[in-house]
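The basis for the numbers below is simple: all heavy atoms, side chains too, and nothing from hydrogens, waters or symmetry mates. Numbers restart at 1 for each chain; the letters A, B, ... are given by sequence-line order, proteins then strands.
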There are 2 protein chains.
Amino acid sequence: MTIPPLACQPHDHRHCIEQALAEAETLCARQGLRLTALRRRVLELVWQSHKPLGAYDILAVLSEQDGRRAAPPTVYRALDFLLEHGLVHRIASLNAFVGCDHPAHAHQGQFFICRQCHAAIELERSAISDSILDSARGLGFRVEGQTVEVVGLCARCQDAR
Amino acid sequence: MTIPPLACQPHDHRHCIEQALAEAETLCARQGLRLTALRRRVLELVWQSHKPLGAYDILAVLSEQDGRRAAPPTVYRALDFLLEHGLVHRIASLNAFVGCDHPAHAHQGQFFICRQCHAAIELERSAISDSILDSARGLGFRVEGQTVEVVGLCARCQDAR
DNA sequence: TCTAAAGTGTAATAGAATAACGTCCCCATG
DNA sequence: CATGGGGACGTTATTCTATTACACTTTAGA
């Protein structure tokens, strides 16, 4: 049995945010990347919860709460930077973005998304990616990127019945 | 080694279209569903190739080519019907739709999408879905739907280098 | 200090999907 | 035969998501 992920159980979420920001600082420092105030803030907002967040939700906070002049490109550029360096992931089936648990190494996770509480649990199971690579090999298909998004009910929301 | 899929090699595509439409007729007849002229036409358009097709591309053909009065809901309603009964699949990462090879039984395929020729090859490998179900079990997560979309280069486009 | 590149602001637009309402037509029932 | 109810489709408007193009500013490095 694996360790149950924080995402779908009560926890001190401030710690998640702090850690994510700290890891981002470290990663950017190490790679000579510029984690600007805007990018840092967008990352923080994406980490506001474990629920994938829409670009326009981020935009709304920047405008209304931060009083920052912001139009869509402002947000999308920040998100592009964060995506490119693995600090956030995009959930295609939701048109939304979620913070990455472990940005230290390049990867594309697998996401288990609860339709009830909307939490997105990220895993990185070689059993899944290997089975995909294996099927691809049978086709002679060269894999460049994998999107695995599973929707259903997390353990907590099942219990809450 | 599996049989190489038609999608990424030359073939008489008229046959694919005919067969898809015939299967749809059969399936709808058997289930008492109404495959109206519009739904049939949208299915035919989706099958125009093995490339996922956008809703607005379909819309354009209906308007310009068929001279049909059509607005987005016209297309989306037809697509919803076709999706609901497994005649087409939606590719979330492309916001596009592709015909289903084998609509006879309910399923959610796995898609291998070539970034060069844009063909989408549908597979249904239990090795992939089982590995997902297995990981879900470890989380206590109840799976209701799987999205597996792999992007890369198909065998044919690799050779074409 | 100067310059090139990267980052951000701004306006406009493209692309994807849905909401809400009205009309028509089929056909099952009386 | 009529009739009325539900499904399918037309229509208009709107919402949500994302990108293009260009201007201005900041930053790092020569």
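In this structure, A:Asp159 has no side chain to side chain donor-acceptor pair (under 3.5 Å) partners at least two apart in sequence or on a different chain. Partners of B:His118 under the ring-ring contact (aromatic ring centres under 6.0 Å, His included) rule, at least two apart in sequence or in another chain, do not exist in this structure.
For the side-chain contact (heavy atoms from CB on, under 4.5 Å) test with A:Phe97, the passing option among A:Leu79, A:Leu43, A:Val75 is A:Leu79; the others fail.
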Would you be so kind as to tabulate the donor-acceptor pairs closer than 3.5 Å made by side chains of residues 45-52 of chain B, with sequence neighbours excluded?
residue : atom : partner : partner atom : Å
B:Ser49 : OG   : B:Lys51 : N            : 2.9
B:His50 : NE2  : B:His11 : NE2          : 3.1
B:His50 : NE2  : B:His13 : ND1          : 3.3

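Remark: the B:His102 side chain and the B:Glu124 side chain contain an N/O donor-acceptor pair separated by less than 3.5 Å. A:Ser131 and B:Ser131 form a side-chain donor-acceptor contact under 3.5 Å, judged by distance and modelled atom types alone. Donor-acceptor pairing under 3.5 Å is lacking for the side chains of B:His89 and B:Gln108.
Using a cut-off of 4.0 Å between Lys/Arg side-chain N and Asp/Glu carboxylate O, B:Asp80 and B:Arg77 are scored as not salt-bridged.
Heavy-atom distances under 4.0 Å link DNA chain D to no residue of residues 21-30 of chain A. For residues 58-67 of chain B, proximity to DNA chain C is found at no residue, defined as any non-hydrogen atom under 4.0 angstrom from a strand atom.
No donor-acceptor pair closer than 3.5 Å links the side chain of B:Glu149 to the backbone N or O of B:Ile113. The backbone N or O of A:Arg125 sits less than 3.5 Å from a side-chain atom of A:Gln110, completing a donor-acceptor pair.
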Protein proximity profile, nucleotides 6-25 of chain C - base contact B, sugar-phosphate-only contact S, no contact -, cut-off 4.0 Å on heavy atoms: -SBBBB----BBBB------

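Atom C1' of nucleotide D:dT27 and atom CG of A:Leu33 are separated by 15 Å, given to the nearest angstrom.
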